[in-house]
Amino acid sequence: MAFELPPLPYAYDALEPHIDTRTMEIHHGKHHNGYTTNLNNAIAGTPQENMGIEEILTTLSMDQAALRNNGGGYYNHNLFWESMHPQGGGIPQGALAEAINTSFGSFEGFKDAFAKAAATRFGSGWAWLCVHPGGKLEVCSSANQDNPLMPGIGCGGTPILGLDVWEHAYYLNYQNRRPDYIQAFFNVIHWDKVAERFANGQ
Ligand code: MN
């Protein structure tokens, strides 16, 4: 059963002006599509062919470069598109808001930690908000297409929010201004979806 590129859950121009249309078209239609194709090529004829993506990521060996890079790329972008919404932004509510206050002191404390993780990831990678069993939250970052589900990343728990900080995610609109892109992301975060992942992941 081959993996398929899922359609974006909104139009390519829906996140304007925070994330521009051309970037979304290339990012989803070319980059994410490429990871999907290469993941299918990597698993063809292997025991991983019949696994779901989470099982692939949690059980792979980190020296399986094609599986690590393309399985990560497939999963990370699925999570990323769903982490955003044209009516997103604002602040989380309910149990997620309480967990953020417990783990980071305040929403501003979370925001600073997440923005710092995203800004200081050298080169290409991702910033994450993860939940541990029991509900504790952690902010971290990973290189390239790695993610917290993979063995030995040292960035614990289940990812519930992810931000792509590869230059392909922002360079057309923001050029070298990664911090501006990070701030713009906060205007489109789909907190209802993050809260759903929090409830399922803790
Ligand atoms: Mn990307």
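Every number for a ligand or one of its atoms is a count from 1 in the order of the listing.
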Between [X] and [Y], does any side-chain donor sit less than 3.5 Å from a side-chain acceptor?
X      : Y      : answer
His27  : Asp164 : yes
Ser106 : Glu108 : no
His31  : Trp166 : no

Original post:
Quick one: does Arg22's side chain have a donor or acceptor within less than 3.5 Å of a partner on Asn173's backbone?
Top reply: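 Checked: no pair found.
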Subject >> Main-chain N/O of Thr21 paired to Glu16 side chain as donor or acceptor, under 3.5 Å >> reply: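 Yes, Glu16 side chain to Thr21 backbone: donor-acceptor pair under 3.5 Å.
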Original post:
What class does the angle between the rings of His77 and Trp126 fall in, given that below 30° is parallel, 30 to 60° is tilted and above 60° is perpendicular?
Top reply: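 Plane angle over 60°, so perpendicular.
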Original post:
Which protein N, O or S atoms lie under 2.8 Å from the Mn ion (ligand 1)?
Top reply: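 Within the sphere that stays under 2.8 Å of the Mn ion (ligand 1), the protein atoms of type N, O or S are His27 NE2, His77 NE2, Asp164 OD2, His168 NE2.
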